[in-house]
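Below: the structure, in structure tokens.
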Amino acid sequence: MTSTTSTLDAAAEDSFFDDDDHDDMQNESESLAHVPRYKSVENVATLEKIVKEVQGVNPSFQESDIRAAAYRYYRTRAQQESLVKRGKDIERKQLRRKHERIVRKRKERELALVRNPKVTSEVKEKWMAVMKNEFMSSEDSTHDEGEDNDSIVVHPLPWRAESVSNMFHKIDKFNNDRKSNHAKRMQKKRIDGSFSE
């Protein structure tokens with residue numbers, strides 16, 4: 001049976017997952033919607049070969065049992081594929097949120113710098129040169145990591161000049177001082193994290 005099992009695994013793996021069509025099997029869960037159809041032409045042809053080979057080795061095996069075993073194998077592989085896909089989707093969403101937080105931080109700092117009446121035009125022009133996404137420290141939300149408390153973990157940039165960091169701190173303070181008490185209460189707690197890579 002070892003040879004037969006290996007043949008079953010190899011044949012199923014080669015053919016069950018080479019179709020880009022969506023699964024339209026009756027009663028299939030939505031989590032398997034992106035997986036190739038079990039009853040696609042290629043899969044049916046492969047299953048017929050599997051049934052013939054298994055019964056050639058041991059005629060006592062019922063065709064219905066062989067098909068049930070093949071279907072269970074297909075379902076297991078389909079669920080594994082679905083888990084991998086969901087994991088990648090979550091990772092993409094987290095990266096997109098991180099990028100959106102960086103862009104939002106940069107725009108808020110640009111606006112605060114422009115509105116600060118104590119800063120001269122010459123100084124504003126100088127500091128606008130570093131108002132780029134790559135100069136903004138990255139931030140992670142603890143909520144994105146599955147934690148109940150929604151805080152922001154700030155990852156400093158080890159290579160950023162101290163003068164630039166100090167300037168950003170002053171801009172953030174100016175921006176925060178202008179916010180209403182309600183807006184301040186709505187702010188998420190900020191936590192210092194590890195350096196950005």
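- Around the NZ atom of Lys184, the shell of radius 6.0 Å holds more than 12 heavy atoms that belong to other residues, nucleotides or ligands.
- Between the NE2 atom in His155 and the NZ atom in Lys98 there is a gap of 5.5 Å [rounded to 0.5 Å].
- No more than 12 heavy atoms of other residues, nucleotides or ligands lie within 6.0 Å of CD in Glu125, so this atom counts as exposed by the packing criterion.
- Judged purely by atom type and a 3.5 angstrom limit, Lys124 uses its side chain to pair as donor or acceptor with the backbone of Val114.
- Contact check on Asp89 versus Lys93 returns no salt bridge, with no Lys/Arg side-chain nitrogen under 4.0 Å from an Asp/Glu carboxylate oxygen.
- In this structure, a donor-acceptor pair under 3.5 Å is present between the side chains of Arg86 and Ser82.
- Distance CG/Asp172 to CD/Glu108: 8.5 Å, rounded to 0.5 Å.
- Checking side-chain atoms of Gln55 against main-chain N and O of Phe61 turns up a donor-acceptor pair under 3.5 Å.
- Considering Arg101, Lys188, Lys105 in turn, Lys105 is the only one that fulfils the side chain to side chain donor-acceptor pair (under 3.5 Å) rule with Glu139.
- With rounding to the nearest 0.5 angstrom, the CD atom of Glu81 is 10.0 Å from the CG atom of Leu83.
- Other residues, nucleotides and ligands contribute only 12 or fewer heavy atoms inside 6.0 Å of the CD atom of Glu162.
- For the pair Arg67 and Val51, the minimum side-chain heavy-atom distance is below 4.5 Å.
- Annotation for Pro156 and Ser137: closest pair CA-CB, 4.1 Å, computed over non-hydrogen atoms.
- Within 6.0 Å of the NZ atom in Lys52, the count of heavy atoms belonging to other residues, nucleotides or ligands does not exceed 12.
- A continuous path of hydrophobic side-chain contacts links Ile102 to Ile171 [ILVMFWY only; heavy atoms under 4.5 Å].
- In terms of hydrophobic clustering, with Ile, Leu, Val, Met, Phe, Trp and Tyr side chains grouped at heavy-atom distances under 4.5 Å, Met128 and Val130 are assigned to a common cluster.
- Between the NZ atom of Lys173 and the CG atom of Asp177 there is a distance of 4.0 Å, given to the nearest 0.5 Å.
- Contact check on Glu122 versus Lys126 returns no salt bridge, with no Lys/Arg side-chain nitrogen under 4.0 Å from an Asp/Glu carboxylate oxygen.
- Using a 4.5 Å heavy-atom cutoff, the side chains of Thr76 and Gln80 are in contact.
- Using a 3.5 Å distance cut-off with no hydrogens or angles, the side chains of Tyr71 and Arg75 do pair a donor with an acceptor.
- Of all heavy-atom pairs between Asn175 and Ala112, the closest is CB-CB, 3.9 Å.
- Using a 4.5 Å heavy-atom cutoff, the side chains of Asn133 and His99 are in contact.
- Between atom NZ of residue Lys179 and atom CD of residue Gln187 there is a gap of 4.0 Å, rounded to the nearest 0.5 Å.
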Item to complete: Given salt bridge (Lys or Arg N to Asp or Glu O under 4.0 Å), test Arg106 with Glu110 step by step and report yes or no.
Response: CA-CA 6 Å; Arg106 174 182 57 78; Glu110 286 177 342; 3.2 Å; yes

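- Following chains of ILVMFWY side-chain contacts shorter than 4.5 Å, one can reach Met167 starting from Trp159, so the two form part of one hydrophobic cluster.
- Both Leu113 and Val164 belong to a single network of hydrophobic side chains, linked directly or stepwise wherever heavy atoms of I, L, V, M, F, W or Y lie under 4.5 Å apart.
- Residues Asn116 and Lys170 have side chains not in contact (no heavy-atom distance under 4.5 Å, counting atoms from C-beta outward).
- Between atom CD of residue Gln79 and atom OH of residue Tyr74 there is a gap of 10.0 Å, rounded to the nearest 0.5 Å.
- Residues Met131 and Phe168 are in side-chain contact: their nearest non-hydrogen atoms beyond the backbone lie under 4.5 Å apart.
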Worksheet entry | Audit row: Glu53, Lys49, salt bridge (Lys or Arg N to Asp or Glu O under 4.0 Å) steps and yes/no | CA-CA 6 Å; Glu53 180 171 343; Lys49 294 178 181 178; over 6 Å; no

